[in-house]
Amino acid sequence: MKEKVLKELYEKRGEYVSGEDLKEKFKVSRTAIWKHMNSLKKEGYMIETTQKKGYKLIESDGKLIPEALKNDLSTKEIGSRIIYFDTIDSTNNYSKRIAKDTPHGTIIISEEQSGGRGRLGRNWISPKGEGIWMSILLKPEIPPTEGMKMTQIAAAAACQAIRDVTALEAYIKWPNDIVVHGKKVCGILTEMAGELNQIDYLIVGIGINANNLSFPKEFKDVATSLAIEKGEKVDRKTLILDLLSKFEALYCHYIMEGKLDETLSIIRNYSAVLGKSVRIIKGNQECYAIVEEINDEGCLKVRYEDGEEELLISGEVSIRGKEGYI
């Protein structure tokens with residue numbers, strides 16, 4: 001019901017909506033409407049209340065409004081449905097719970113995650129109202145072996161969107177991180193379920209430190225935010241819309257053409273590791289190598305200090321800079 005009330009306010013934004021009209025439309029009491037309004041205000045929505053006139057939603061750059069996202073989204077497949085939460089354990093976890101009966105292209109987005117995760121089970125700090133915490137639910141008809149290419153499509157889309165919206169020099173740290181000035185601003189976690197020859201669903205989780213102004217001590221040396229690097233807050237809605245538009249374009253090109261060429265062009269152009277000496281971490285093992293190439297499948301070709309070459313697939317491999325994070 002609260003979501004329906006918010007939708008009504010958004011559709012008539014700039015105008016007052018009377019409590020009586022809402023009561024009649026939704027067949028509830030005036031008290032129930034009042035409670036929903038108070039709940040929305042507590043969540044951060046700016047709602048003006050005037051006696052005898054009713055309620056009016058005041059749009060704010062600081063708060064995501066699901067109906068505003070739906071209304072302004074230019075995509076056809078991605079974002080066909082948007083599920084929004086004020087808080088949730090993890091958008092990826094929720095996506096998995098509903099994946100079977102939820103259509104391809106659904107976006108799950110939350111103002112806060114209490115149990116956000118990154119690759120290899122790492123924690124992802126997701127404070128309320130500061131970042132972009134969302135998942136894209138996909139049901140592509142591709143072999144399971146191709147599923148991890150969605151990570152690269154998301155990385156290319158996120159990097160390009162951050163550059164276009166903020167003018168910051170963002171780079172891609174293979175395979176799933178976006179960095180600015182050598183620190184992480186975005187991480188991508190792709191999870192898949194299916195059988196030997198068939199994908200049931202695929203979830204691309206994207207976390208962006210948009211307007212975070214502080215980080216726990218253990219993350220200060222490796223993480224930053226777009227707001228910190230830019231020196232001003234970022235419009236999260238604009239960034240989300242741009243990212244989803246770019247993701248759909250790259251995704252549809254890959255599905256129709258069967259090639260990653262457009263995605264890889266972005267990844268190579270904005271690579272944070274190509275041609276550099278890096279640390280390669282495999283479980284408890286660590287070694288140094290030069291990154292020589294990103295091949296046409298998106299794998300990383302490296303040359304170790306002893307001259308041996310290897311082709312790395314994302315999986316359980318982590319890449320770090322020779323001295324620091326990158």
Side-chain angles (χ1 to χ4, degrees), residues 64 69 72-79 105 107 109 118-119 131-136 138 140 148-190 202 204-212 223-230 232-257 259-276 291 293-300 314 319 326:
L64 293 175
L69 289 173
D72 295 340
L73 197 57
S74 61
T75 53
K76 294 180 180 178
E77 292 183 30
I78 306 303
I107 304 294
I109 189 164
R119 282 179 72 241
I132 294 169
W133 327 120
M134 68 179 180
S135 298
I136 306 172
L138 303 169
M148 286 304 139
K149 290 182 178 178
M150 298 302 112
T151 298
Q152 293 166 328
I153 290 172
C159 182
Q160 192 72 69
I162 288 170
R163 281 178 161 262
D164 289 351
V165 172
T166 70
L168 290 169
E169 293 187 356
Y171 292 93
I172 300 166
K173 185 181 81 65
W174 187 93
N176 70 314
D177 290 346
I178 310 300
V179 297
V180 174
H181 297 146
K183 291 185 177 183
K184 182 173 180 175
V185 296
C186 170
I188 296 155
L189 175 63
T190 300
L202 194 150
V204 179
I206 302 173
I208 302 177
N209 298 330
N211 293 322
N212 313 52
T224 187
S225 74
L226 302 179
I228 289 173
E229 299 304 320
K230 189 173 174 61
E232 62 185 37
K233 284 195 171 185
V234 172
D235 186 335
R236 292 187 297 158
K237 175 188 166 187
T238 299
L239 183 54
I240 291 168
L241 295 176
D242 197 66
L243 192 161
L244 294 178
S245 176
K246 286 177 167 59
F247 181 91
E248 180 171 272
L250 293 172
Y251 173 84
C252 289
H253 175 80
Y254 166 70
I255 294 297
M256 290 187 291
E257 302 295 331
K259 296 187 295 184
L260 269 182
D261 54 325
E262 290 191 355
T263 292
L264 290 174
S265 176
I266 296 169
I267 290 175
R268 289 169 180 147
N269 194 35
Y270 298 125
S271 173
V273 299
L274 204 52
K276 293 186 178 180
V291 178
E293 179 188 349
I294 298 172
N295 75 3
D296 290 344
E297 294 299 308
C299 299
L300 210 64
S314 57
I319 301 292
I326 195 64

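Keep in mind it's a predicted model, so treat the numbers as computed, not measured.
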So Val185 and Val179, side chain to side chain contact (heavy atoms under 4.5 Å, CB included) or not? Walk me through it.
CA-CA 5 Å; Val185 296; Val179 297; over 6 Å; no
Calculate, to the nearest 0.5 Å, the distance between atoms SG and CG belonging to Cys159 and Leu168 respectively.
10.5 Å
Rounded to the nearest 0.5 angstrom, the CG-OG1 distance for Leu138 and Thr190 is 8.5 Å
Indicate yes or no: at least one non-hydrogen side-chain atom of Leu250 is less than 4.5 angstrom from one of Glu262.
yes
Minimal non-hydrogen separation, Leu241 against Leu73, with atom names:
CD2-CD1, 3.5 Å
Heavy-atom side-chain contact between Ile136 and Met150 under 4.5 Å
no
Whether Asn211 side chain and Val234 backbone form a donor-acceptor pair below 3.5 Å
yes
Ile107 versus Ile240: any side-chain heavy-atom pair under 4.5 Å?
no
Got a second to check how far Leu243's CG is from Thr75's OG1, nearest 0.5 Å?
11.0 Å
Lys/Arg N to Asp/Glu carboxylate O, Lys149 vs Asp296, below 4.0 Å
no
What's the spacing between Lys237 NZ and Leu69 CG if we round to 0.5 Å?
7.0 Å
So, does Lys230 use its side chain to make a donor-acceptor pair with the main chain of Thr166 at under 3.5 Å?
yes
dist Thr238:OG1 -> Asp164:CG (nearest 0.5 Å) comes out at 12.0 Å
Which value, rounded to the nearest 0.5 Å, describes the distance between Asn176 atom CG and Cys186 atom SG?
8.5 Å
Should Asp261 and His253 be marked as a side chain to side chain contact (heavy atoms under 4.5 Å, CB included) after you check the CA-CA gap, both sets of side-chain angles, and the distance that decides it?
CA-CA 9 Å; Asp261 54 325; His253 175 80; 2.7 Å; yes
Apply side chain to side chain donor-acceptor pair (under 3.5 Å) to the pair Thr263 and Gln152, showing each step before the final yes or no.
CA-CA 7 Å; Thr263 292; Gln152 293 166 328; over 6 Å; no
Less than 4.5 Å apart, side chain to side chain, heavy atoms only: is that true for Ile132 and Ile206?
no
Name the one of Leu226, Asn209, Ile172 that satisfies side-chain contact (heavy atoms from CB on, under 4.5 Å) with Ile178?
Ile172
Applying side chain to side chain contact (heavy atoms under 4.5 Å, CB included), run through Leu260 and Glu297 and close with a yes or a no.
CA-CA 7 Å; Leu260 269 182; Glu297 294 299 308; over 6 Å; no
For atom NZ of Lys233, decide whether the heavy atoms of other residues, nucleotides or ligands shown that lie under 6.0 angstrom number more than 12.
no
For Pro175 and Ala155, work out which heavy atoms get closest and say how close.
O-CB, 4.1 Å
Side chains of Tyr171 and Arg163: does their closest heavy-atom pair fall under 4.5 Å?
yes
Stepwise side chain to side chain contact (heavy atoms under 4.5 Å, CB included) check, Ile228 with Lys183
CA-CA 11 Å; Ile228 289 173; Lys183 291 185 177 183; over 6 Å; no
With side chains defined as the heavy atoms from C-beta onward, is the minimum distance between Leu300 and Ile294 less than 4.5 Å?
yes
Taking all non-hydrogen atoms of both residues into account, name the closest pair between Ile153 and Tyr254 and its distance.
CD1-CB, 4.0 Å
How close do Pro140 and Leu202 get, heavy atom to heavy atom, and via which atoms?
CD-CB, 4.4 Å
Got a donor-acceptor contact below 3.5 angstrom from the Arg268 side chain to the Glu293 backbone?
no
